[in-house]
Every structure is written in structure tokens, then in C-alpha cells.
Amino acid sequence: MPDVQEGEVSDNADGLQRHLANRQIQLIAIGGSIGTALFVSIGGALEEGGPGSLFIAYTFYACVVALVNNCVAEMTVAFPVSGGFIRLAGHWVDDALGFMAGWNFFLYEALLIPFEITAFIAVAEYWGESVTNPGPQAGVIIGIIICYALINILAVKAYGEAEFWLSGGKVLLIFLLFSFTFVTMVGGNPQNDAYGFRYWEHGAAFKAFRSAGGLGKFQGWLAGLYSASFTIVGPEYISMVAAEARRPRIYIKTAFKTVYVRFGIFFIGGALAVGIVCDSNWPDFIARIQSGASSAAASPYVIAMQHMGIKGLPDLVNALMLTSIFSAGNTYTYCAVRNLYGLALEGRAPRFLAYTTRRGVPLFCFLVVMVFPFLSFLSVSKGSEQALVWLINITTAGGIIDYIVITITYIRFYKACQVQGLDRRTLPYTGWFQPYSAWIALFFEVIIVITFGYSSFLGGFSVTTFFTYYILVILDPILFIFWKVFKRTKWIKPEEVDLVWERPTIDAYEATFIDKPIGFWRELIQLFGLWKQPGGNDKRVASISN
């Protein structure tokens, strides 16, 4: 490596700064994107397909996204660049694909911010309907927007610290619900009823939905699958924070590895637990789901607690749900800002958006993104609430399209490594079973994005329902073609793919660290003033040399 003089070693090739600590990264990886879906919305799929279909669907889709994680982990650990997987797609496949993926991800993230704010108010309604009155509701919205603004306008350390504690609350909530499930199913409830897997018996595990017989049970499983495709996310968010992580080759690699554990425990375990505690045939449960209720009162866990006559615990669960929802909206705000910044770096968005403050905050990107939370005011007017629901529903394909882009990018990256003679085993992280896992994930994600709106064709074609499901599927190819024609981009050949890019900058940055990387648990203990290293963690030298 050539000598790098003092002052020449920078965090990135752009304006972002690497200040996210290991403990913050790991908690963001574990729970940063978990919101209402795992605790409330999952009830819809349980009611439609039954607990068996729900569990199998979540297990299946978690395995598919694990294959995607296997792809993005290898690329991101080697190239932890600003803009994450989106810039990788533009550099290694086609600039038009990067343009399409970037704006798809931006719309997906930015429009989910008002969704989470609206969900926050709906869950808060558990303690009284007065919170949904126009005055109090507007006040709550303004308060949340101010909090998101303060957290994201400060240095990335503020976001990381906020998400560390908020994600910790999510983990506490999930394990609280798991404990509640186990204790009550073996008889630890006011009725002393060891109900076990009672709600899976007598054909209730696999319910028919929309149609009768085997076809109906398959459609019930599809309902669980489409619920899982909205709920199970995560790898893309780690890719987005990689450019602001300390020691990304180590800490980001660990974060990607924890994704597999998170899928197994939180998502698959959550689908199992909710089907154990709640009977999908309870009349009050069905009534709340079919009424479209999105409040905490519609949570299968809360309904189960009420059936058992448990007092106090529903209030605690509801309070922790609010922290989960707030955290999800905060994560969407952060990712939307960083994604827009990545687009500006590549000229896919106006160049002035690439400006960053001295603290590494993309100021103008932040200002653009903070317009979107104000869409949550649509819910203040009951007549306009449906407009917000429709606006959010059109983005449901966005996450699936992100995974399609990731798998396509990896397949091209893998081919480039073969053609250019790059031994992937020399990379900081090597994905397993490649490129087959990429092809398998691509196949299933394409099938899902094509079929997830099949209900619009049942009982007569519905134009409104069709566009609600497929507008992004239609819009994204238009974006791709527009940029390809406008910029005359070309499909990058494997021998032309840049496999060096920003690696020297990142290698030089990594080489400045003096100490060994600190583990998650030690860093966590240090919060309480114990086991501290002299001079602090992750100490660096100002310059490096051969």
C-alpha cells in the first residue's frame, strides 16, 4: 500500500462520516426496521390463512430473504459505499438500473414515514379515542415530525444512539411476547388453562380464504406469504448504514450475520407465537380484523391477553409498540435521506443535494425528505384518510423490487469476478452457495411481485385495486427506459465492471485503527462505566505507511 500522509486518510470518498459504533449497528440490524407489521398487521394474515399457513409462509419467505442477505452482504462488506446496494447496481449493471432502483427505494422509504406516523396515532388510540380528534392528532403528528427532524439533522451519532435504545425496546417487546406465549400456553394464566397448540386443531391450522377446499387453503397460505413480504425486511437497511459505520469490514459483516438469527427468532418465531396465543376463529378477533382496525386493540397478542383476563400487560405491550413504530419511522427517514444523497452523488438527482454539513449530514436531502411526514396530516381529515391508505398501498411492491435489484446486481458482480480473475475468497466476506442462492432468490421474488395483486382479477377486474398493487411494477420499467434513453446508458460488460472503485479509500481508512475491534457485549457494558479501554474504543492513527 502506498504511503498515506497525515490528513489524507478520510472516512469516505464523499462527505459522510463513519461514526456508528458496533453496538448501534448491531441493534439497527436486529430491530431497526421492525414496526407495526409484526405485532398488529400480522393478525390479518392469521385470520385469513390460519396459524399453520402463517408459520409456513413466514418461514419460506424468511429463507428467500436470507438468500438475498447472502448476496448483499458479500458486496457491501467489500464496498461499504454511500447509497448502498443502489449505487452498486448502477456501477456494476447499468446506470439506468441504479436510477430506477434509487427512486423506487426513495419513494418506498419516504412514503412509509407518514404511514408509521398514522400507525402511531392508531395504536395510541388504545388509551382513548380522543387522540384521534383533529386537534390532539395534529399535535401528535407535529411532535413526531419534530423528533424525527432533531434526530436526523444532528450528526449520525444521534441517529445511531436513538436507534440503539429504540431497537432495544423492540427486542424487549418481542421477548416479552415470546415469554407471554410460552408461560400462558403451559398453564400460566388466570384460567390455569394449558391450551398448548389448541388453536391449530380440528382443521384450524390451514383455513380456506377466498375459495373453498384446497385452492382456498393455498390462497390462505398466499395471504401469509404476502404479509411476510411486507414484514420481513432488513438487509437493505444494513447496506444503507454501511457508509457511516466504523470499521465496516468487521462490524457490518457481523451485522449481516445476525440477520439470519433475527429472521429465525423474530419473524419465524413471531409467526409461530401469534398463532399459538390467538384463535383465528374468535368472533371478536375476526370482527376487528375485517373492520380494518389498525389500533393496538387489533393486535392478536392484546386480544389474547383480554381473553385470558390479564390486566396491565396490554398497557405495557402497547407502550412498547409505540417505541417500535416511532423507531421504524425514524429508520425510514434516515434511509430516505441517505438514499437521496447517493442518487445525487451519481447525478441521478440534482447535484446540490450532495451537499453535506461539517458533521456529515446531507442537509438538502434532509429538507426534501422532511416534506413527506406532513402527508400524515391527511389522516386528520376523515374524508382524506383513504387517500393516504391508497398512497401507501401503491408502494407495497417496493421492497420486493429492491431484492430483485440486489440479486441481479450480485449475479453480474459474480460474473465480473469470474471474468476478471478475482478470487472471491480474498474478499472480507464470501457468500455461500453462490451464484445459485442469487438465482433462487431472484426467481421467487419475481414470482411474488407478479402475483401479489392477483385479487384484483377476482370477481371482475378492478382498475383501482390493480393500480394499487402494481403501480410501482409499472412505474419502475418506465424509469429504467427513461434514464436509458435520456443518458444513453449501456449494460456494463463483466470485463468492464470496476472491481476496485472505492476499496483503496476504505482499505486506507481501516488500516488507521490501532486496537482490535471491540465486541458488542463489551461496548454495551461500557455504557455503565465498566471494562473501558484507556483512550476509548476504535483508536486511530492520523497517517499510515508501509
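These numbers come from the heavy atoms of this one structure, side chains and all, not from hydrogens, waters or symmetry mates.
For the pair Leu320/Leu176, a side-chain contact is recorded, criterion being any heavy-atom separation below 4.5 Å from C-beta on. Inter-residue side-chain proximity for Leu442 and Ile404 is flagged as met; some heavy-atom pair is nearer than 4.5 Å. Using a 4.5 Å heavy-atom cutoff, the side chains of Tyr58 and Ile232 are in contact. Within the 4.5 Å cutoff, side-chain heavy atoms of Phe79 are placed close to those of Leu88. With contacts defined as side-chain heavy-atom distances shorter than 4.5 Å, the pair Ile252/Val241 qualifies. Side-chain contact between Pro373 and Ile145 is present, with at least one heavy-atom pair separated by less than 4.5 Å. Counting only heavy atoms from C-beta outward, the side chains of Ile406 and Met75 approach each other to under 4.5 Å. In this structure, the side chains of Tyr410 and Val72 stay at 4.5 Å or more apart for every pair of heavy atoms.
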Pair Met370-Asn152, side chain to side chain contact (heavy atoms under 4.5 Å, CB included): steps then yes or no: CA-CA 10 Å; Met370 290 311 298; Asn152 285 274; 5.7 Å; no

Could you go through the side chain to side chain contact (heavy atoms under 4.5 Å, CB included) check for Glu244 and Tyr334 one step at a time? CA-CA 12 Å; Glu244 294 176 277; Tyr334 170 86; 2.4 Å; yes

Please assess Leu340 against Phe105 for the test side chain to side chain contact (heavy atoms under 4.5 Å, CB included), listing each intermediate value before the final yes or no. CA-CA 9 Å; Leu340 187 58; Phe105 190 68; over 6 Å; no

Given the rule in the side chain to side chain contact (heavy atoms under 4.5 Å, CB included) test, do Ile448 and Tyr61 qualify, once you have shown the distances and angles that lead to the verdict? CA-CA 10 Å; Ile448 292 171; Tyr61 194 72; 3.6 Å; yes

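Closest non-hydrogen pair, Gly196 versus Ile276, comes out as O-CG2, 3.6 Å. Between Ser437 and Cys71, the shortest heavy-atom distance links the atoms OG-SG, 4.4 Å. Residues Leu166 and Ser327 approach most closely at CB-CB, 3.6 Å, considering heavy atoms. When every heavy atom of Ile506 is checked against every heavy atom of Pro80, the shortest pair comes out as CD1-CD, 3.3 Å. Tyr403 approaches Val233 most closely through the heavy-atom pair OH-CA, 3.2 Å. Between Ala271 and Phe55 the shortest heavy-atom distance is CB-CA, 4.2 Å.
Between Ile56 atom CD1 and Ile268 atom CD1 the span is 12.0 Å, to the nearest 0.5 Å. Distance check: Lys170 NZ to Met321 CE gives 13.0 Å after rounding to the nearest 0.5 Å. Note that the CG atom of Asn339 and the CD1 atom of Ile86 stand 3.5 Å from one another [nearest 0.5 Å]. Once rounded to the nearest 0.5 Å, the distance linking CD1 of Ile265 with CD1 of Ile174 reads 9.5 Å. With rounding to the nearest 0.5 angstrom, the CZ atom of Phe164 is 11.0 Å from the CD atom of Gln26. Rounded to the nearest 0.5 Å, atoms CG (Leu107) and CG (Leu112) are 10.5 Å apart.
Aromatic ring pairs are classed by plane angle as parallel below 30°, tilted from 30° to 60° and perpendicular above 60°; the pair Phe326 and Tyr148 is tilted.
Panel note: side chain Glu236, backbone Asp402; no donor-acceptor pair is recorded below 3.5 Å. Under the 3.5 Å distance criterion, the side-chain polar atoms of Glu74 are left unmatched by any main-chain donor or acceptor of Trp432. Between the Thr409 side chain and the Val405 main chain, a donor and an acceptor come within less than 3.5 Å of each other. Listed for the Ser82 side chain is no donor-acceptor partner under 3.5 Å among the backbone atoms of Ala243. Proximity of a side-chain donor or acceptor of Lys207 to a complementary backbone N or O of Ser280 within less than 3.5 Å is detected. Side-chain atoms of Arg338 never come within 3.5 Å of backbone atoms of Gly83 as a donor-acceptor pair (strictly under, hydrogens ignored). Looking at Asn318, its side chain never comes within 3.5 Å of a backbone N or O of Ala124 through a donor-acceptor pair.
Taking the six-membered ring wherever Trp is involved, the centroid distance between the rings of Tyr108 and Tyr332 does not fall below 6.0 Å. For Trp200 and Phe197, the ring centers are positioned less than 6.0 Å apart. Aromatic ring centres of Tyr509 and Phe513: separated by under 6.0 Å.
For Asp315, the side-chain contact (heavy atoms from CB on, under 4.5 Å) criterion is met by Tyr126, Trp127, not counting sequence neighbours. Phe444 meets the side-chain contact (heavy atoms from CB on, under 4.5 Å) test with Phe60, Val64, Ile440; sequence neighbours excluded.
Relative to the six-membered ring of Tyr251, Arg246 misses at least one condition, a distance below 6.0 Å or an angle of at most 45° to the axis.
Using a 3.5 Å distance cut-off with no hydrogens or angles, the side chains of Tyr195 and Thr184 do pair a donor with an acceptor. Side chain to side chain, Tyr301 and Thr181 fail the donor-acceptor criterion of an N or O pair below 3.5 Å.
When each of Leu375, Thr331, Val369 is paired with Ile113, the side chain to side chain contact (heavy atoms under 4.5 Å, CB included) condition holds for Val369 and for no other.
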